[in-house]
2 protein chains.
Amino acid sequence: MTNKSVKLEDVAKEAGVSKTTVSRVLNNRGYLSKQTVEKVHQAIEKLHYRPNVVARQLFRQSTHLVALIFPTVDDPFFAQLEAELEKRLAALRYGALMGNSQNNPEKERQYLKLLLNHQVDGLIVGAHNQGITEYQHTNLPIVSIERYMGNNIPIVTSDNYHGGELAVQRLLNDGCQHIIHTNYPSYQVSPNELRQQAYEDVLHRHGMKPITYQVSFDISEEAKKKVFRKMFREHPEVDGIFADNDTNASLIIRVGKEFNRHVPNDLKVVGFDGANITRMLSPELTTIQQPLPEMATKAIELLMAQIDGKPYQKTVKLPVRLINSTTA
Amino acid sequence: MTNKSVKLEDVAKEAGVSKTTVSRVLNNRGYLSKQTVEKVHQAIEKLHYRPNVVARQLFRQSTHLVALIFPTVDDPFFAQLEAELEKRLAALRYGALMGNSQNNPEKERQYLKLLLNHQVDGLIVGAHNQGITEYQHTNLPIVSIERYMGNNIPIVTSDNYHGGELAVQRLLNDGCQHIIHTNYPSYQVSPNELRQQAYEDVLHRHGMKPITYQVSFDISEEAKKKVFRKMFREHPEVDGIFADNDTNASLIIRVGKEFNRHVPNDLKVVGFDGANITRMLSPELTTIQQPLPEMATKAIELLMAQIDGKPYQKTVKLPVRLINSTTA
DNA sequence: TTGAAAGCGCTAACAA
DNA sequence: TTGTTAGCGCTTTCAA
């Protein structure tokens, strides 16, 4: 029914007016007699006309499209983040273009190209890759989430340092004596390093020796398990673990069982993220929850300020909270 | 650095050739002397030229954009499905536009409008809403996933009926005598009804009485729990549950504990979906796994066939498998 | 209050 | 092998 090839000109002919007039009706601009507006509306109805936004985009030099570049949507944290961002963008009538880099710098570079080619109006980036200088060279509005991307790119983070403190303090309160931290390698100053910093600071204050195991984000579940098995073998004394995210925490708990270490009696584990799905599927996990809805709100706010040429903050740090449950 | 306002004409001037020639170089079309190609490439480099895809889209009447309309990405099944789809689209150099309807028909309608306005080349729909006739009226290539949308719209499903059989059979093998099924209400013939059909058929064959509890997809966790509490109160004899998805299975297991029913001794539960995240966070769940990667592959295949005007199947049904774990 | 015409940046007949 | 020109569908200046 909706004839794709109906164009403004056809509506104009049908209504017996000029293209200009139809355009004015469409955009509600300029002086128009009630009668004309009426006629045009009728013609639009009759022909099932729908404006071609691409033509409009070409003229306006703006697509009302925002690209979301994240490692993957197949992870509770990023899935929720993208969902929250998308919801807010839709409310502002912006489309959300997905770009999941799989933590592969080459892919991320390709995405950036693909998405820039689609003339997006802005970029929200939460991918982990470093060393991609191309971002600096786009004059596009960008907001980064939990990732340092350069001095001039605003960043939204949660209070990672305090999160680290809360987690380690929780384990100490539980009486843990040998606390290990897992983290993913980061090649540049990155907010998640603050968790490790906090972990080390708190441990030092208590005269304990910090030990961190690096676990890449993009390796297989089995590969991660291997790292954790190594950890249990090398440190049989471990009685508390501060994991860098909830899925790793879950994995660690499982690997612990292989070593006959059961949570929370022989082992305490605190995770990080506290996304909806994780809370739903693993409510027993004690974790540090990041304020995902607020982070999304702030990110959109910063992006829109840039798009509208208004002033905006360079850094937004949002509070985390400890979710007390039964694994620690 | 990448000057947004550099256009084809500037490159032409810089290289001392016509716009056509530059366009030809860009698209690798027609006869070109090596020298010219070289000159043009140099000019492109020098000016940091990047083609404006919107202009190209206007001409070609194709955006290389595909819209994904799903209830939400904040759910393991849909998150993985969207991730798989997006990956395949990117490989074909198509952009993926997200549209998460939150299971709200009004929102879905708005999305459809927003996305159609963006002149997407195709639609992949897995939202649950019914009664949206607008889909029928777009002449756009559409593929539906696990949802009946009309005779002329191809659909990719997993073998829901066999999945239902497998699940119920598993519970029967465990010795369950009182098996309840949970499902979400569907307003039209929908593939998930086949699970219920299989459930009822198998139970009837064993002379048992089927009981199904309806749980809406879009209500809160607390609201769902209420339904399940009601279920345990009304049917204290229940010893086996075939849940319509894994998150509900997880919820049921938790609610069961409130009634002092512990899995798998006092209660067996089989879920449905078997998405990555669920397997990761709740590996103990016995479930029916849908072949998400294959479903995505097929969906893209059917969509691309439509876009390219090639013949395509109207229905694709893919096999499921039982994942044996410890909740049943 | 309305319309003619130019132009957004690109591509492709057609001509040379 | 290359260039001229019209046009994709829309918006807006400028003029009436």
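Every chain is numbered from 1 and lettered A, B, ... according to where its sequence line falls, protein lines coming before strand lines.
Atom-to-atom, CZ of R60(A) to C1' of dT12(D) comes out at 11 Å; the value is rounded to the nearest Å. Atom CG of N28(B) is separated from atom P of dT11(C) by 12 Å (rounded to the nearest Å). In this structure, E38(A) places its CD atom 17 Å from C1' of dT1(C), rounding to the nearest Å. Straight-line distance from the CZ atom of F59(B) to the P atom of dC10(D): 16 Å, rounded to whole Å. Rounded to whole Å, the distance from CG on N117(B) to P on dG9(D) is 15 Å. Rounded to a whole Å, the CG atom of D10(B) is 11 Å from the P atom of dC8(C). When the C1' atom of dT1(C) is taken as reference, atom CD of Q35(A) falls 12 Å away, rounded to whole Å. The CG atom of N27(A) sits 17 Å away from the P atom of dG9(D) (whole-angstrom rounding).
Put simply, R29(B) has a side-chain N or O that comes within less than 4.0 Å of OP1 or OP2 on dA12(C). Contact annotation: Y31(A) does not reach the phosphate of dA16(D) (side-chain N/O to OP1 or OP2, under 4.0 Å). The shortest distance between the side-chain N/O atoms of Q61(B) and the OP1/OP2 oxygens of dG9(D) is below 4.0 Å.
Side-chain contact of Y135(B) with E108(B): a donor-acceptor pair under 3.5 Å is present, judged by distance alone.
Contact annotation: side chain of S18(A) to base of dA4(C), donor-acceptor pair absent below 3.5 Å.
With a 4.5 Å cut-off on side-chain heavy atoms, T36(B) and S33(B) count as touching. Side-chain contact between Q57(B) and H118(A) is present, with at least one heavy-atom pair separated by less than 4.5 Å. Residues T157(B) and L318(B) fail the side-chain proximity criterion, which asks for heavy atoms closer than 4.5 Å.
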Run the side chain to side chain contact (heavy atoms under 4.5 Å, CB included) check on Y49(A) and L8(A) step by step: do they pass? CA-CA 8 Å; Y49(A) 170 73; L8(A) 195 128; 3.9 Å; yes
Step by step, would you call V40(B) with Q35(B) a side chain to side chain contact (heavy atoms under 4.5 Å, CB included)? CA-CA 9 Å; V40(B) 171; Q35(B) 209 188 18; over 6 Å; no
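Across all non-hydrogen atoms, the minimal contact from V143(B) to A299(B) is CG2-O, 3.6 Å.
Picking from dT1(D), dT1(C), dC10(D) the nucleotide with the shortest atom distance to the side chain of T36(A) gives dT1(C). Nearest to the side-chain atoms of K7(A) among the listed nucleotides dT2(C), dG9(C), dC10(D) stands dC10(D). When each of dG9(D), dC10(C), dT2(D) is scored by its nearest atom to the side-chain atoms of N52(A), the top-ranked nucleotide is dG9(D).
Of the two residues contacting DNA chain D, namely P51(A) and T20(B), the nearest-nucleotide position lying further toward the 5' end is that of T20(B). When each of K19(B) and G16(B) is assigned the nucleotide of DNA chain D with its nearest heavy atom, G16(B) is the one assigned upstream, toward the 5' end. Both K34(A) and E9(B) lie close to DNA chain C; mapped to their nearest nucleotides by heavy-atom distance, the more 5′-ward contact belongs to K34(A).
L58(B) comes within 4.0 angstrom of a nucleotide base, judged by non-hydrogen atoms across all strands. T21(B) comes within 4.0 angstrom of the backbone, heavy atoms only, and of no base. V17(B) comes within 4.0 angstrom of sugar-phosphate atoms only, judged by non-hydrogen atoms across all strands, and of no base. Using a 4.0 Å heavy-atom criterion, one finds that R24(A) contacts the bases of the nucleic acid, with or without backbone contacts as well.
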Quiz: residues 73-84 of chain B side-chain donor-acceptor pairs under 3.5 angstrom, not counting sequence neighbours:
{"residue": "D74(B)", "atom": "OD2", "partner": "N276(A)", "partner atom": "ND2", "Å": "2.9"}
{"residue": "D75(B)", "atom": "OD1", "partner": "F77(B)", "partner atom": "N", "Å": "2.9"}
{"residue": "D75(B)", "atom": "OD1", "partner": "F78(B)", "partner atom": "N", "Å": "3.2"}
{"residue": "Q80(B)", "atom": "OE1", "partner": "N276(B)", "partner atom": "N", "Å": "2.7"}
{"residue": "E82(B)", "atom": "OE2", "partner": "N100(B)", "partner atom": "ND2", "Å": "3.2"}
{"residue": "E84(B)", "atom": "OE1", "partner": "R88(B)", "partner atom": "NH1", "Å": "2.9"}

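Helical stems of DNA chain D (runs of at least 3 Watson-Crick or G-U pairs, donor-acceptor distances under 3.5 Å) are listed by first residue: C:1-16 with D:1-16.
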